[in-house]
Amino acid sequence: MMNREFHPESLMMTHGYKPELSEGAIKCPIFQTSTFVFKSAEEGKAFFQVAYGQREKEPNEELGLIYSRLNNPDLQILEERLCLWDGADECAVFESGMSAISTVMLEFLRPGDVMLYSKPVYGGTDHFVNKVLPQYGIKGIGFTSVQSKEEILELVKGQEEKVKMVYVETPANPTNALFDLKICREVADELSGDEKEVVVCVDNTYMGPLWQHPLKHGADLIVYSATKYIGGHSDLIAGAVLGRSKHMVRVRTLRTFLGNMAGPWTGWLLMRSLETLKVRMTKQAENTVKVADFLKAHPKVEKVYYLGHLEEGTIQYEIFKRQLTSAGAMISFDVKGGEKEAFTFLNNLKLMKLAVSLGSTESLAEHPATMTHSDVSAEDRELLGISEKLVRISVGVEHHSDIIWDIEQALEKV
């Protein structure tokens, strides 16, 4: 049996945990401690040398526990398990999705640098790129899903040497626009040189660890808001970064000194959530097919933004078939009318909750233009279709007929 290569969903129960080290407990306990005891001064010295990058780990050497700002059993086991889904070398878990995103950007960008980023992105990311990074002399240049490789390169003409990162959120929040990771990799490679590497970072929150694996398509790093599908129960805030060791050592080191790692309680909750991740996400995707089809046929709905409705033969469909294994569980749609009609729909929901966030067991609905993406410039909102009539739905695990009933009765009030 030990020669068998198990599926990630099977390993979520046991991988990285040794019950004999925790009094035989079947589940990993919460290691609610700030510091750990060394067996000797020599051991403490050896642990710190590795932790602070003064030497590489010896073959088969296990990094010992020092202090919960550096490592903690709950986070260490969680990070090992998260690596299994994406095929990553290493993972680092953070206190929030934004702390994961901002740490990556601060590590790989310096004053005077330029970052190419996809538009639209999550509102918090947009704010950090366009309101915070410029204060440090870092410039973000946005590109859309309809622009070619040549058009993207033209955006940074004359600034090629300054580009240090290509940051991509795909599918995009809230429009489900898909970005071709192959093109993003080619852009990064063309802008890289012997002494300069352009890093490709992908926000994979919309697809979770199950439905898209960006490292297989040329990405160097993946960021998640682990609050969403990974946590999946609307009861925690967390983020994660995954990637190759050469990039992750930098991310992990900055995390140590920014001090924005998640605590043991959050790590324990996320381990619990990983055990049901595939079951939850599979059910959500199944529900979403039925909900999206209902919306598409409804006379008060102008347009549905759902990956399962992409037309064969289009570029977006080709990207979908190449990069994703599911259409996911996120839908946006335009209500006929404007903000008034969208608000009327949202205010009359009974089962579904009017709240931001996504990927949880309960279905959620929100109004991107005035909520999650309200800080995005009016020009970008108009360009990208984040209009006053747009509503975003995160489909949960309830019975699909109940979700559809709720949408139907709310649309009747519009």
Side-chain angles (χ1 to χ4, degrees), residues 94 96-109 113-134 138-147 152 155-156 163-181 183-185 187-188 198-208 212 214 217 219-229 239-241 305 307 316 319 323-324 328 330 332 356-359 366-387 390 392 394:
F94 290 77
S96 69
M98 277 310 306
S99 67
I101 292 165
S102 58
T103 299
V104 167
M105 292 182 181
L106 291 173
E107 175 55 35
F108 290 94
L109 298 168
D113 287 349
V114 169
M115 177 178 68
L116 279 165
Y117 74 99
S118 62
K119 296 196 301 187
V121 289
Y122 164 61
T125 307
D126 186 274
H127 180 93
F128 193 77
V129 171
N130 292 300
K131 304 287 175 62
V132 178
L133 288 181
I138 299 168
K139 182 180 180 181
I141 297 177
F143 61 94
T144 68
S145 61
V146 299
Q147 289 179 290
I152 295 170
L155 293 172
V156 293
V163 179
K164 298 293 177 59
M165 177 178 285
V166 178
Y167 183 91
V168 196
E169 183 182 297
T170 182
N173 180 358
T175 61
N176 269 329
L178 293 176
F179 288 81
D180 192 334
L181 295 181
I183 287 178
C184 294
R185 179 72 264 168
V187 167
V198 178
V199 174
V200 177
C201 180
V202 177
D203 185 334
N204 199 36
T205 299
Y206 246 44
M207 287 290 103
Q212 180 175 251
H217 297 279
D220 297 304
L221 293 166
I222 303 170
V223 293
Y224 287 107
S225 170
T227 308
K228 311 306 192 288
Y229 289 107
V241 181
Y305 304 84
L307 297 176
Q316 287 281 289
I319 297 171
Q323 287 181 187
L324 287 78
M330 295 300 299
S332 290
V356 297
S357 199
L358 58 96
E366 63 109 3
H367 189 249
T370 60
M371 297 175 189
T372 52
H373 292 71
S374 60
D375 196 45
V376 175
S377 70
E379 180 184 358
D380 274 357
R381 287 203 305 271
E382 182 177 357
L383 171 69
L384 302 166
I386 308 173
S387 67
L390 185 73
R392 190 190 76 180
S394 171

- Item | CA sep, side-chain torsions, deciding dist, call: Glu169, Thr125, side chain to side chain donor-acceptor pair (under 3.5 Å) | CA-CA 10 Å; Glu169 183 182 297; Thr125 307; 4.6 Å; no
- Task: Test Val241 against every option in Ile101, Leu221, Thr103 by the side chain to side chain contact (heavy atoms under 4.5 Å, CB included) rule and name the one that passes.
- Result: Leu221
Out of curiosity, [X] [atom1] to [Y] [atom2], how far, rounded to the nearest 0.5 Å?
{"X": "Thr175", "Y": "His373", "atom1": "OG1", "atom2": "NE2", "answer": "8.0 Å"}
{"X": "Ser118", "Y": "Asp180", "atom1": "OG", "atom2": "CG", "answer": "12.5 Å"}
{"X": "Asn204", "Y": "Lys228", "atom1": "CG", "atom2": "NZ", "answer": "13.0 Å"}
{"X": "Leu390", "Y": "His367", "atom1": "CG", "atom2": "NE2", "answer": "7.0 Å"}
{"X": "Gln323", "Y": "Thr170", "atom1": "CD", "atom2": "OG1", "answer": "5.5 Å"}
{"X": "Gln212", "Y": "Ile222", "atom1": "CD", "atom2": "CD1", "answer": "8.5 Å"}

Are any non-hydrogen side-chain atoms of [X] and [Y] less than 4.5 angstrom apart?
{"X": "Pro171", "Y": "Leu324", "answer": "yes"}
{"X": "Met207", "Y": "Leu307", "answer": "yes"}
{"X": "Lys164", "Y": "Val199", "answer": "no"}
{"X": "Pro120", "Y": "Asp126", "answer": "no"}
{"X": "Asn173", "Y": "Thr205", "answer": "no"}
{"X": "Tyr167", "Y": "Val129", "answer": "no"}
{"X": "Tyr206", "Y": "Leu358", "answer": "yes"}
{"X": "Met165", "Y": "Val104", "answer": "yes"}

Indicate the atoms forming the closest heavy-atom contact of [X] with [Y], along with that distance.
{"X": "Ser394", "Y": "Gly359", "value": "OG-N, 2.9 Å"}
{"X": "Cys201", "Y": "Val223", "value": "SG-CG1, 3.7 Å"}
{"X": "Ser99", "Y": "Phe94", "value": "OG-CB, 3.2 Å"}
{"X": "Ser374", "Y": "Arg381", "value": "O-NH1, 3.3 Å"}
{"X": "Leu155", "Y": "Gly142", "value": "CD1-O, 3.5 Å"}

- Salt-bridge criterion met for Arg185 and Asp220 (N-O under 4.0 Å):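 Yes.
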- Please test Asp203 against Val121 for side chain to side chain contact (heavy atoms under 4.5 Å, CB included), starting from the C-alpha separation and ending with a verdict. CA-CA 9 Å; Asp203 185 334; Val121 289; over 6 Å; no
- Item | Side-chain donor or acceptor of Arg392 paired with backbone N/O of Val356 under 3.5 Å |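 Not confirmed, Arg392 side chain does not pair with Val356 backbone.
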- Is the side chain of Thr372 donor-acceptor paired with the backbone N or O of Gly123 at a distance under 3.5 Å, no angle test?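 No; zero donor-acceptor contacts below 3.5 Å.
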- Query: Can you check side chain to side chain contact (heavy atoms under 4.5 Å, CB included) on Met98 and Tyr122, steps first, answer last?
  - Reply: CA-CA 10 Å; Met98 277 310 306; Tyr122 164 61; 3.9 Å; yes
- Query: Do His217 and Val202 pass the side chain to side chain contact (heavy atoms under 4.5 Å, CB included) test, and can you show the C-alpha distance, the side-chain angles, and the key distance before you say yes or no?
  - Reply: CA-CA 10 Å; His217 297 279; Val202 177; over 6 Å; no
- Would you say the side-chain atoms of Tyr117 and Asn130 include a donor-acceptor pair closer than 3.5 Å? yes
- List the steps and the verdict of side chain to side chain contact (heavy atoms under 4.5 Å, CB included) for Ser332 and Asn176. CA-CA 8 Å; Ser332 290; Asn176 269 329; 5.7 Å; no
- Message: Between Phe143 and Phe179, is the ring centroid distance below 6.0 Å?
- Response: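 Yes, the ring centres sit under 6.0 Å apart.
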